[in-house]
Amino acid sequence: MQKPVTVKAYGFIPLTRQTYSIMQIIVLFGAAPLLLAICALNYYFSNDQNLWMWLGLLTVTAIVGEIVETAVMLRKFKQKERQLVSTRSDQPDK
């Protein structure tokens, strides 16, 4: 059985595709309730519309950043898998 492909995330954290996917799910389900709690507390304690605009902008920026990061990491996994397949096909069978 072959070892799973490992890619360095952020330049220094080695992760497999499964570990990265689990990490993304934890971030998604951890950040969403936290964001909702912040919004609820902000609404309850303040009616500052400018703060709502900045909070919305921050949320959209974070979501776009996560999408870009996920696309880059999945591309790294695909490139590494292709590289391993081509390396194995170049080696003669024993």
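The structure presented is a predicted model; accordingly, all values stated were derived computationally and were not measured.
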When hydrophobic residues are tied together by side-chain contacts of less than 4.5 Å, even through go-betweens, does Phe12 share a cluster with Phe77? yes
Output for pair (Arg75 CZ, Lys78 NZ), nearest 0.5 Å, gives 8.5 Å
dist Met73:CE -> Gln24:CD (nearest 0.5 Å) comes out at 8.5 Å
Rounded to the nearest 0.5 Å, the OH atom of Tyr20 sits from the CG atom of Leu74 at a distance of 6.5 Å
From the list Leu15, Thr16, Leu84, side chain to side chain contact (heavy atoms under 4.5 Å, CB included) with Val5 holds only for Leu84
Heavy atoms of Lys76 and Lys8 approach each other most closely as NZ-O, 3.5 Å
Task: hydrophobic_cluster_shared for Val72 and Val64, side chain cutoff 4.5 Å - done: yes
Exercise. Report whether Leu58 and Ile63 are members of the same hydrophobic cluster (ILVMFWY, side-chain heavy atoms less than 4.5 Å apart, transitive linking).
Key: no
Given the rule that I, L, V, M, F, W and Y join up when any side-chain heavy atoms are under 4.5 Å apart, are Ile22 and Ile25 in one cluster? no
For Lys80 and Val7 the tightest heavy-atom approach is CB-CG2, 4.2 Å
